[in-house]
Structure formats: structure tokens, C-alpha cells
Amino acid sequence: MSFADLGLSDELLRAVEDSGYTEPTPVQRQAIPSVLMNKDLIAIAQTGTGKTASFVLPMIDILSHGRARARMPRSLILEPTRELAAQVAENFEKYGKNSKLSMALLIGGVGFGDQDKALEKGVDVLIATPGRLMDQFGRGKILLSGVDILVIDEADRMLDMGFVPDIEAICSKLPPRRQTLLFSATMPPPIKKLADRFLTEPRHIEVARPAAANALITQRLVESTVRGKRDTLRALLREGVKNAIIFANRKTTVRDLAASLKRHGFAVGQIHGDMEQAERLRELDRFKADEINVLVASDVAARGLDIKGVSHVFNFDVPWHPDDYVHRIGRTGRAGATGTAITLYTAEDAEAIDQIEKLTKTNIDRTPLSGQAPAAPSGPSDEADDQPRSQPRRGRSRSAAKPAGDAPAKPRVQTAGAAPAKPRAQTAPEPVRAEQAPPLPVDANPEWNGPVPAFLQVRLHG
DNA sequence: AAAAAAG
């Protein structure tokens with residue numbers, strides 16, 4: 001079975017081929033023909049399954065006939081986070097290169113100017129997060145009465161984030177005769193209700209969860225103590241880590257941990273929801289460009305983000321919810337490459353770990369405290385500044401730079417191009433070569449590894 | 001309990 005068997009146009013097949021994909025994933029095989037027949041669709045699938053292309057590809061073909069009118073987008077895609085919205089936009093850019101579709105990315109955290117201009121001209125594809133979409137609608141900048149195709153992506157996450165009332169409000173402004181596609185990793189009752197209300201005789205498809213069963217990810221649990229976590233983490237980072245995303249549960253922890261790792265000489269960046277959008281994207285770019293090899297992140301980066309060649313994921317904190325664990329570790333082991341996921345745990349995390357093992361149906365390798373060589377202190381004065389705060393700091397602490405006296409051996413500011421002081425492994429790290437991997441699933445977006453395309457720069461950095 | 005998203 002190839003893409004050519006799914007009923008897609010020749011121009012589109014060429015774009016797919018140029019991207020290096022040869023074989024559709026299961027969700028693409030099932031979804032694409034049915035979307036092309038203008039059927040409503042409920043798909044139980046999560047990122048990493050090729051879900052994005054399963055709606056982007058047929059939509060490009062459907063929309064390539066006809067043209068957009070001012071302020072009346074012809075299709076609408078709702079995404080829970082700004083980064084995911086940007087990622088979907090890049091997919092349209094890549095696969096739509098032979099189709100001349102116009103599009104706009106409507107996300108918060110960026111100025112209104114460029115978005116207003118694009119909307120005024122008229123767009124075939126509107127990709128949005130709910131907040132900014134409602135905002136623009138309220139300002140009278142959009143008429144939703146011309147939307148023929150609606151995609152609700154990551155519906156269960158939208159629910160978690162409290163977007164369901166927004167989605168209902170948006171749906172009620174759309175023409176009742178339209179095609180609606182709903183994607184969700186799970187189908188909790190409120191999402192089922194939403195589907196019953198806004199979809200018409202949908203086709204149901206379901207594909208297996210990928211990350212939990214991903215044999216390419218080696219998982220480990222390493223015991224530590226609340227006070228010893230940073231030492232343990234640094235020791236592990238020095239064990240042959242090419243690059244790593246480190247997840248923490250709180251934004252304050254992300255900030256503090258990133259600052260601490262920086263003081264210890266790591267080439268580190270951070271990403272969380274309190275940062276400005278341009279900054280978030282810049283940190284992602286630096287990580288992708290290998291200017292930094294450690295990215296400390298909140299769960300804003302846990303789902304869906306496709307960054308090629310991430311060798312390690314660390315959980316500095318055991319995630320609150322076992323689903324989040326699956327999403328976090330799924331940032332590695334992508335596109336056929338192997339990866340390692342290491343979770344630090346303390347005595348208090350026993351129950352959360354039980355749940356994770358139950359969900360993933362695996363017994364994860366444990367390294368208990370007693371079995372560890374004591375983490376060698378690596379900085380000259382670790383104790384004073386380096387214990388996690390028992391209380392998350394609030395308010396001004398975010399912008400308060402560390403006083404110099406608090407920072408042992410602070411590395412010099414690295415200018416772009418200068419080799420950052422990356423701590424390297426004593427044992428040679430095993431390079432992860434995604435290029436040698438089997439054919440990429442279409443959702444594993446290699447484009448996240450390149451520079452931000454011009455159309456995104458305009459809207460996101462402008 | 002946390003984070004995310006509209007300022």
C-alpha cells in the first residue's frame with residue numbers, strides 16, 4: 001500500500017515523495033480516503049502515529065479547488081498549544097508547496113498586525129489556538145460562516161485545558177453543513193458528547209498508542225532524594241548524553257533547574273508557558289540547531305513536539321498523570337531512532353510509578369539509591385545554592401537574576417557560533433542517527449529541525 | 001496538585 005493508492009492528487013504525491021515518505025501509516029491509510037469523500041471522522045490516535053498528515057494531505061486536495069474570500073476562512077484547525085499549531089502550519093507549508101493554498105496561523109503571544117492582514121486577504125487554511133481565535137472573532141476580524149472543514153485536534157487535551165466551552169462556541173458559529181474531523185488520544189465522556197453534538201454520522205477509526213509500546217525507547221528509573229536530585233541528574237547527564245529534554249512538573253522548577261545546570265556549565269535552555277512566545281520558539285530553535293544540548297521543559301513541550309534526534313528524555317519529577325509520562329518519553333525514540341528515558345524518583349513517588357508501569361504494561365528497570373555510586377559533587381560549592389526550594393518561589397523571583405555571589409564558576413556568556421561548553425561523556429556517546437532509520441512516519445516532522453520557514457517568521461517573530 | 005491558553 002502506497003500513498004498513490006489513497007486517492008491523492010499527483011501534485012500532492014510529489015510533495016509527499018519529496019519529503020521522503022513512501023508508505024502511509026495505519027491512521028493515514030484509514031483516514032485519508034474517508035476524508036477525501038467528505039465524511040466526518042473520529043480518530044483515536046495521538047501524535048507519533050502520522051495523525052497530522054492524515055488530515056493535512058486530504059485537506060490540501062479538497063481545498064485546492066476554489067478560493068478564499070476576505071475574512072472567510074475555508075477550513076479551520078484547532079490546536080491546544082501554540083507550538084502544535086505552528087507545527088501543523090509547517091505541514092501545510094511542506095505538503096502544500098505545489099498547491100498555492102493561503103493560510104494563517106492564529107495564536108496568542110504574537111502581534112495582531114500580520115494576522116489581521118492575512119485574514120483580511122482571505123485564507124484557505126486557518127490554524128488556531130482557541131483563545132486567539134475567539135479574540136479575533138470578537139474583534140469582528142473573522143467570519144466563520146465559510147468554513148467547510150473543521151479539525152479538532154488533540155481533543156482530550158483541549159478538554160484538560162478547559163477549552164471545551166470555547167470549542168462549543170466556535171462550532172455554533174460554523175455552518176451546520178460542513179465536514180468535521182476529531183482527533184483524540186482518548187475518548188472521555190465530555191469528548192464523546194462533543195462528538196455526538198457536532199459530528200454527523202462520523203466514521204470511527206482507532207490506532208494503537210505508539211509511545212507506550214515503543215521498543216526503541218530504553219526506560220530507566222533512578223532513585224534519588226528530594227535534595228539530591230540535581231546531583232543525580234548531573235551525574236546522569238555526564239554519562240554519555242548527546243542531548244536531552246528534561247521535564248519538570250512546575251514552571252518554577254524549570255527555571256531553577258535550568259539556572260542551576262547553567263551554573264554547572266551545561267549548555268542549557270528552557271521552555272515553559274510563562275515565557276514569551278518568541279522566546280519559546282527561540283529556545284526550541286537553539287536546541288534543534290545544537291547550540292544547546294539540554295532543554296529543561298514543562299509539559300508545554302510534552303505532547304506532539306517533533307524534534308529529530310533527541311537521545312535522552314529525563315523526568316526530573318515523576319509526572320502527575322501517567323499519560324504525561326507516555327507523552328514526555330515519546331519526545332525521544334522518534335522516526336526509528338533509539339532513545340533513552342530516565343525518570344528520577346523518590347520514596348514519595350511509589351504510587352505514581354505503579355500507575356505508569358500499569359499504563360505502559362512494562363516493568364521499568366530500577367536503580368535504587370543503595371545501588372548507586374554516590375554522585376560526585378562537580379561544582380566547587382554545591383550546597384548553598386543548589387538545593388531545590390521546598391516552596392516554589394513566586395512573583396518576582398522569575399525575573400530576579402541570581403546575584404553573582406550565589407553562582408559558582410558561572411560560565412561565560414556564549415555567543416552564537418562559539419562552541420558552547422557542553423559536558424561530554426567519559427564513555428563515547430552512541431550517536432543516534434535518524435538518517436539510517438527506516439522510512440519516517442509522516443508525523444515525525446523533520447522540518448522542525450530546519451530553520452523556521454519564512455511564513456512562520458513573519459507571523460511569529462514579527 | 002500542574003500546566004496550558006486571551007490579555
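Atoms CG (A/D274) and P (B/dA6) sit 14 Å apart, rounded to a whole Å. If you take CD1 of A/I142 and C1' of B/dA6, they are 13 Å apart, rounded to a whole angstrom. In this entry the distance linking CZ of A/R328 with C1' of B/dA4 reads 13 Å, nearest Å. Counting to the nearest Å, the C1' atom of B/dA4 and the CE atom of A/M161 are 3 Å from each other. Distance, A/M134 CE to B/dA6 P: 12 Å, rounded to whole Å. A/Q277 has its CD atom 10 Å from the P atom of B/dG7, to the nearest Å. At whole-Å resolution of the value, NE2 in A/H327 and C1' in B/dA4 are 14 Å apart. Residue A/M275 contributes atom CE, which lies 14 Å from atom P of B/dA3 at whole-angstrom precision.
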Inset, instruction - Please report the C-alpha distance between A/K117 and A/E120 in whole Å, then the side-chain angles of each, then the deciding distance to 0.1 Å, and finally whether the salt bridge (Lys or Arg N to Asp or Glu O under 4.0 Å) criterion is met. - result: CA-CA 5 Å; A/K117 254 182 273 172; A/E120 186 54 44; over 6 Å; no

Inset, instruction - Test side-chain contact (heavy atoms from CB on, under 4.5 Å) on A/F55 and A/V88 and set out the steps. - result: CA-CA 10 Å; A/F55 63 85; A/V88 170; 4.2 Å; yes

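When each of B/dG7, B/dA5, B/dA3 is scored by its nearest atom to the side-chain atoms of A/F112, the top-ranked nucleotide is B/dG7. Minimum atom distance to the side chain of A/D135 is reached by B/dA6, of the listed B/dA2, B/dA4, B/dA6. The side chain of A/R82 sits closest to B/dG7 out of B/dG7, B/dA4, B/dA1. Closest to the side chain of A/R280, out of B/dA6, B/dA5, B/dA4, is B/dA5.
OP1 and OP2 of B/dA2 both lie 4.0 Å or more from every side-chain N or O belonging to A/S298. Taking only side-chain nitrogens and oxygens, A/R132 comes nearer than 4.0 Å to OP1 or OP2 of B/dG7.
Geometrically, A/R331 does not engage A/F247 in a cation-pi contact defined by less than 6.0 Å to the ring centre and at most 45° from the axis.
Across all non-hydrogen atoms, the minimal contact from A/M72 to A/S145 is CE-OG, 3.8 Å.
Using a cut-off of 4.0 Å between Lys/Arg side-chain N and Asp/Glu carboxylate O, A/K229 and A/D317 are scored as salt-bridged.
Nucleic acid contact class of A/D160 (heavy atoms, under 4.0 Å, all strands): base.
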